Amino acid sequence: MALILNGDAELWAIVLLSLKVSIFAVLISALIGMPVGAALAVARFPGRRVLIVLMNALMGFPPVVVGLLVYLMLSRSGPLGVLELLYTPTAMIIAQVVLVTPIIAALTRQVVEMLAEEYSEQLRSLGVSRLASVPVLLWDARLALVTALLAGFGRAIAEVGAVIIVGGNINHVTRVMTTTIALETSKGNLALALALGAILIGIAVAVNAMVSTLSLQAEREGLRHA
Amino acid sequence: MRDLTLDMSSCLSVDGVRITRKGKSLLNVPHLALDGPGPTLILGPNGSGKSLLLRCLHGLIVSDRGQVRQDGVALNADHKARQAMVFQQPVLLRRSVAANLDFVLKRQGMPRSARKSRIEELLAEGGLDGKVRQSARSLSGGEAQRLAILRALALDPETLFLDEPTSALDPNATQMIERMILRASTRGVRIVMVTHDIGQARRLAADIVMMQGGHVVEHGAAKQVLDAPKSDAARRYLAGGLVT
């Protein structure tokens with residue numbers, strides 16, 4: 001607790017980097033996942049069900065495997081090796097984007113599909129095409145979608161397997177809360193590990209509290225988070 | 001003397017329309033012409049095809065066979081743009097009362113300054129002034145339906161379809177909505193409305209389409225259909241008897 005209360009510089013640098021990486025990853029995932037999820041909710045084409053099943057399956061993809069695949073892509077001999085991103089925060093953001101995008105896309109699809117069902121006839125009556133209905137549905141599902149973002153953030157900030165593979169846990173460069181906890185515990189430095197653990201739990205509780213509040217509000221607005 | 005050109009131009013007709021699902025005929029209307037000024041009320045028991053016919057007229061459902069025509073031309077996007085519909089359960093956007101109206105006005109390309117005054121006008125028309133910023137989802141059933149009607153009227157439609165808009169409302173709320181409908185009709189909006197409430201048909205209708213089992217069993221002036229129905233099905237329905 002002393003480490004937290006005394007504002008230990010190293011500890012807070014790790015916390016800040018963790019937040020930066022995960023927030024960036026969630027924002028990028030939202031930019032990809034929300035339109036994809038919404039498009040899957042309103043579009044009708046052959047293979048749509050297969051894509052939905054695949055997207056849902058990707059939600060449970062093992063983080064270490066994602067880390068391995070991103071590592072292979074970014075390593076010197078990989079297709080993106082020339083970018084020299086391995087062992088940088090950018091590589092960690094990429095890995096988290098791969099993990100979080102399916103979550104946001106799948107939750108968006110569920111929420112938007114439910115709303116689209118309700119709005120369908122009304123929007124068609126008002127002359128709104130399927131494509132034009134996407135921004136309308138995304139905006140009207142905004143409360144439920146914020147909970148999807150928070151769920152994605154929860155997954156990103158608590159993730160360890162993928163970021164340790166592509167980030168390398170380099171001090172002052174790619175060391176985030178989860179990887180530091182793993183390292184410091186193995187070294188026997190339980191004080192730092194526990195301090196970071198407490199902060200991580202605090203973040204998890206805060207995120208869940210926000211999800212609950214927003215879900216309740218969304219339910220009151222008539223759109224329950226699926 | 002009646003202006004035949006005007007009557008012809010506002011003729012909404014159905015020709016040879018059939019809808020069949022799983023081998024069951026849900027709608028079978030060889031011919032129906034709505035060429036009077038209205039309001040036209042479509043009356044009949046549950047499952048008689050009233051709502052289906054309304055959706056066909058509005059182009060929300062495409063029939064398996066036959067055509068809906070406006071001005072003698074197959075219903076197209078231009079025609080649909082001059083129609084609006086209000087549903088039994090009002091579907092309101094999860095936004096404020098004003099934002100629900102702003103949505104359709106903005107889509108019509110109305111500039112922001114004009115939209116503000118038009119919204120105020122519409123809300124006054126529906127007795128919803130003072131609820132501008134309130135969430136549309138928190139309105140009472142009657143208020144929500146009034147907002148849905150105002151949003152439809154904001155489109156400035158030639159034809160307004162209403163699918164049992166008062167079926168879940170108390171007499172006061174029903175009366176307010178009937179007044180709105182009559183005012184719109186007086187302003188020249190053709191009203192085509194589904195109901196199973198004979199009293200409502202008597203209060204509002206200029207002409208009545210009576211339906212049963214997916215068929216139009218009678219169409220004529222309201223007084224004639226209500227007071228001297230020609231078909232047995234209409235007679236039984238109006239007498240309150242069971243129609244099978």
Side-chain angles (χ1 to χ4, degrees), chain A residues 30 34-35 37-38 41-44 107-150 210-226, chain B residues 51-52 54-62 75-96 99-109 134-139 144-145 147-157 159-163 165 192:
Chain A
M34 283 190 176
V42 298
R44 294 290 177 270
L107 292 177
T108 301
R109 203 268 311 162
Q110 282 177 14
V111 166
V112 171
E113 195 167 291
M114 203 164 63
L115 195 61
E117 206 173 299
E118 184 194 327
Y119 280 16
S120 170
E121 277 198 321
Q122 182 65 73
L123 289 180
R124 278 167 57 215
S125 171
L126 293 172
V128 181
S129 67
R130 271 184 200 274
L131 188 66
S133 73
V134 169
V136 180
L137 293 165
L138 283 174
W139 178 250
D140 276 31
R142 57 199 178 279
L143 279 180
L145 290 178
V146 172
T147 67
L149 288 188
L150 290 173
M210 279 191 270
V211 169
S212 299
T213 311
L214 285 167
S215 294
L216 204 67
Q217 210 170 331
E219 199 172 336
R220 279 202 204 110
E221 289 274 317
L223 181 67
R224 215 175 352 196
H225 191 278
Chain B
S51 297
L52 206 54
L54 203 69
R55 280 164 171 75
C56 269
L57 289 168
H58 188 32
L60 285 179
I61 291 177
V62 179
L75 199 69
N76 59 37
D78 285 342
H79 297 137
K80 287 183 204 169
R82 297 199 296 271
Q83 298 178 341
M85 183 156 171
V86 171
F87 297 86
Q88 190 172 4
Q89 291 294 329
V91 182
L92 298 174
L93 301 176
R94 285 162 172 78
R95 306 173 189 195
S96 70
N100 266 271
L101 299 175
D102 192 59
F103 177 76
V104 291
L105 296 174
K106 197 175 173 185
R107 278 186 56 78
Q108 286 180 307
Q134 190 173 325
S135 162
R137 310 284 296 189
S138 67
L139 294 175
Q145 196 58 286
L147 178 59
I149 293 173
L150 291 175
R151 190 178 55 188
L153 292 173
L155 291 164
D156 209 7
T159 306
L160 175 61
F161 299 105
L162 301 111
D163 188 4
V192 182

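Every chain is numbered from 1, with letters handed out A, B, ... down the list of sequences. These numbers come from the heavy atoms of this one structure, side chains and all, not from hydrogens, waters or symmetry mates. What you see is a predicted model; the values in this text were computed from it and never measured.
For a residue to count as touching a neighbouring chain, one of its non-hydrogen atoms must lie under 4.5 Å from one of that chain's; by this rule B/F103 touches chain A with the side chain only. Contact of B/L93 with chain A is made through backbone and side chain together, with heavy-atom distances under 4.5 Å. Heavy atoms closer than 4.5 Å to chain A are found in the side chain of B/V104, but not in its backbone.
Closest of all the heavy-atom pairs between B/H58 and A/S125 is NE2-OG, 2.8 Å.
Between B/Q83 atom CD and A/L126 atom CG the span is 12.5 Å, to the nearest 0.5 Å. A distance of 14.0 Å separates CZ in B/R94 from CH2 in A/W139, rounded to the nearest 0.5 Å.
Here B/R55 pairs with A/E121, B/S51, B/L60, B/I61, B/M85, B/F87, B/D163 under the side-chain contact (heavy atoms from CB on, under 4.5 Å) rule; sequence neighbours left out.
Side-chain contact between B/R95 and A/V136 is present, with at least one heavy-atom pair separated by less than 4.5 Å.
For the side chain to side chain contact (heavy atoms under 4.5 Å, CB included) with A/Q122, the qualifying choice from B/V86, B/L92, B/V91 is B/V91, the only one to do so.
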